[in-house]
Amino acid sequence: MPAQPPTLIDRAGRRYPVDRPRWRGDDGSPLMPEPLPGITRREIDTAVNSQWRYRAALPLPEAEPVTLGEGRTPLLEREWAGLRVAVKPESTNPTGSFKDRGVSVMVSALRHQGVTRLLEDSSGNGGSSVAAYSAAAGIGATIIAPVTTSASKIVQSRLHGAEVELVPGTRQEVADEAVRRAEGLFYASHNWHPQFLQGTKLLAYEIWEDLGFTAPSVVLVPAGAGSLVLGCALGFAELRNAGEIDRVPRVLISQPERCAPLARALAAGAEAVEAADWRRTLAEGTAIAQPVRDREVLRAIRDTGGAATSVPEDELLPAVRELAAGGLFVEPTSAQVLPALRRFREAGVVGPEDTVVTVLTGSGLKAASVLSGLLDGRAG
């Protein structure tokens, strides 16, 4: 760990202590963790069978973990788009999505800092994860979500004891409403809170260990707010800093064509996303019109030599069906990586020489009402 306590940094360059409950900078910008030195394989606590085996890489190692056994998801070999790829099914996390990685670390930090009640906004997976970990921590949770959110995700949050309020409007409008309410209740947004990124970065450590302490050449993830992009960029950068790997993998992202602000900004060479009217998509977990950390996400993709593609809506459900036929039951948000990989292969972005890891972010059980149409021919 650094000689001095690590800090958080806003876009203006101001620094804030990491051990205080804060979700954004004084200028209203998102906070990013300062670069950390990373850990070596000798610092992994192999007695712990969860992502907390990499606890030494976290900036608050003294915080007692709030854990449900998140992480340690399998790495499966598959052949997609004529390539051998390694697939990380995050549906095996406790609440069924990768969000558990970030939420476990975030809620652990908040409990350590004395937070007793929190507010979260979510299209589903983040909310159900925050509800579960808040329950485990003894923290009261209020979740606001779009009225269009999958019913199964809402049921999960309510059963964990969270107060859930469905709000009319788009996913972005719900996020804006949460920021307004944050004046009266601590806002533990998985999109805003910097400790969430500390949890998602542990995915990079896990992939590194899965691959025999080596890095892949490519990581492909679905992207909405971009926390997986930043997590991979942070985690692999730390491993490079620690001398464990010699390069950071290229981060490739997939977005649904109906809501692809990051892909559009990358194609235009822009430093930030532009406001636009996007259509509703079945890939609801990536339907983020105005990502909070857009500048940081775009920079991370470019810095790793990565790229983006967008997937037409009519390819989402067929991708769900194709993956399910191979035993992988995922929601449309996750399934988009399959047609995305085909596009990257056709464009020459990836090839047989690459070691590709693809992340499937959430379970198909999270979208059961939508996917039921696949069984009677109404979709796909």
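Reckoned from all heavy atoms, side chains included, excluding hydrogens, waters and symmetry mates.
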How far apart are the closest heavy atoms of [X] and [Y], and which atoms are they?
| X | Y | answer |
| --- | --- | --- |
| Ala319 | Leu338 | O-CD2, 4.3 Å |
| Arg240 | Asp246 | CD-O, 4.3 Å |
| Ala57 | Leu36 | O-CD1, 3.9 Å |
| Ala335 | Leu316 | CB-O, 4.1 Å |

Please determine, by modelled atom types, if [X] and [Y] share a side-chain donor-acceptor pair under 3.5 angstrom.
| X | Y | result |
| --- | --- | --- |
| Ser334 | Thr361 | yes |
| Ser29 | Asp27 | yes |
| Thr286 | Gln255 | no |
| Gln336 | Thr333 | no |
| Thr142 | Arg117 | yes |
| Thr281 | Glu313 | yes |

So, [X] side chain and [Y] main chain: donor-acceptor pair closer than 3.5 Å or not?
| X | Y | result |
| --- | --- | --- |
| Asn93 | Thr95 | no |
| Ser129 | Asn125 | no |
| Gln51 | Arg101 | yes |
| Thr304 | Val251 | yes |
| His193 | Gln195 | yes |
| Ser157 | Ser128 | yes |
| Glu257 | Ser310 | no |
| Asp121 | Ile143 | no |
| Arg293 | Leu31 | yes |
| Lys201 | Leu58 | no |

Using the rule that Ile, Leu, Val, Met, Phe, Trp and Tyr join whenever any side-chain heavy atoms are under 4.5 Å apart, tell me whether [X] and [Y] fall into a single cluster.
| X | Y | answer |
| --- | --- | --- |
| Phe213 | Val357 | yes |
| Tyr54 | Leu203 | yes |
| Val297 | Leu197 | yes |
| Phe344 | Val311 | no |

Check: Just one of Glu209, Glu206, Glu43 clears the salt bridge (Lys or Arg N to Asp or Glu O under 4.0 Å) bar with Arg53, so which one?
Finding: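 Of the listed residues Glu209, Glu206, Glu43, the salt bridge (Lys or Arg N to Asp or Glu O under 4.0 Å) partner of Arg53 is Glu209.
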
Distance-only donor-acceptor pairs under 3.5 Å for side chains of residues 217-237, two or more places apart:
from	atom 1	to	atom 2	distance (Å)
Ser217	OG	Asp354	OD1	3.0
Ser217	OG	Thr355	N	2.8
Ser217	OG	Thr355	O	3.2

Notebook entry, point to check: Hey, is Arg11 close enough to Asp294 for a salt bridge, meaning N to O under 4.0 Å?
Noted result: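 Yes, charged N to carboxylate O under 4.0 Å.
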
Margin query: So that I can tick it off, tell me whether Glu274 and Arg264 are bridged by a salt bridge, with the cut-off set at under 4.0 angstrom between side-chain N and carboxylate O.
Written below: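 Salt bridge absent between Arg264 and Glu274.
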
Do [X] and [Y] make a side-chain contact, defined as non-hydrogen atoms from C-beta onward lying under 4.5 Å apart?
| X | Y | result |
| --- | --- | --- |
| Pro89 | Val330 | no |
| Leu83 | Pro352 | yes |
| Ser91 | Leu360 | no |

Note to self: Tell me whether the count of non-hydrogen atoms from other residues, nucleotides or ligands lying under 6.0 Å of CZ in Arg280 goes above 12.
What the structure shows: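 No, not enclosed.
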
Item checked: Glu353 atom CD, over 12 foreign heavy atoms within 6.0 Å ->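 Atom CD in Glu353 is crowded, with more than 12 foreign heavy atoms closer than 6.0 Å.
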
Checklist line | For Glu271, all residues meeting side-chain hydrogen bond (donor to acceptor under 3.5 Å, both in side chains), sequence neighbours excluded | finding: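 None.
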
Notebook entry, point to check: How long is the gap from CZ on Arg55 to CG on Leu202, to the nearest 0.5 Å?
Noted result: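 Between Arg55 CZ and Leu202 CG, I get 12.0 Å after rounding to 0.5 Å.
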
Next item on the list: Decide yes or no on side-chain contact (heavy atoms from CB on, under 4.5 Å) for Phe196 and Val105, but give the supporting numbers first.
Entry: CA-CA 6 Å; Phe196 184 85; Val105 174; over 6 Å; no

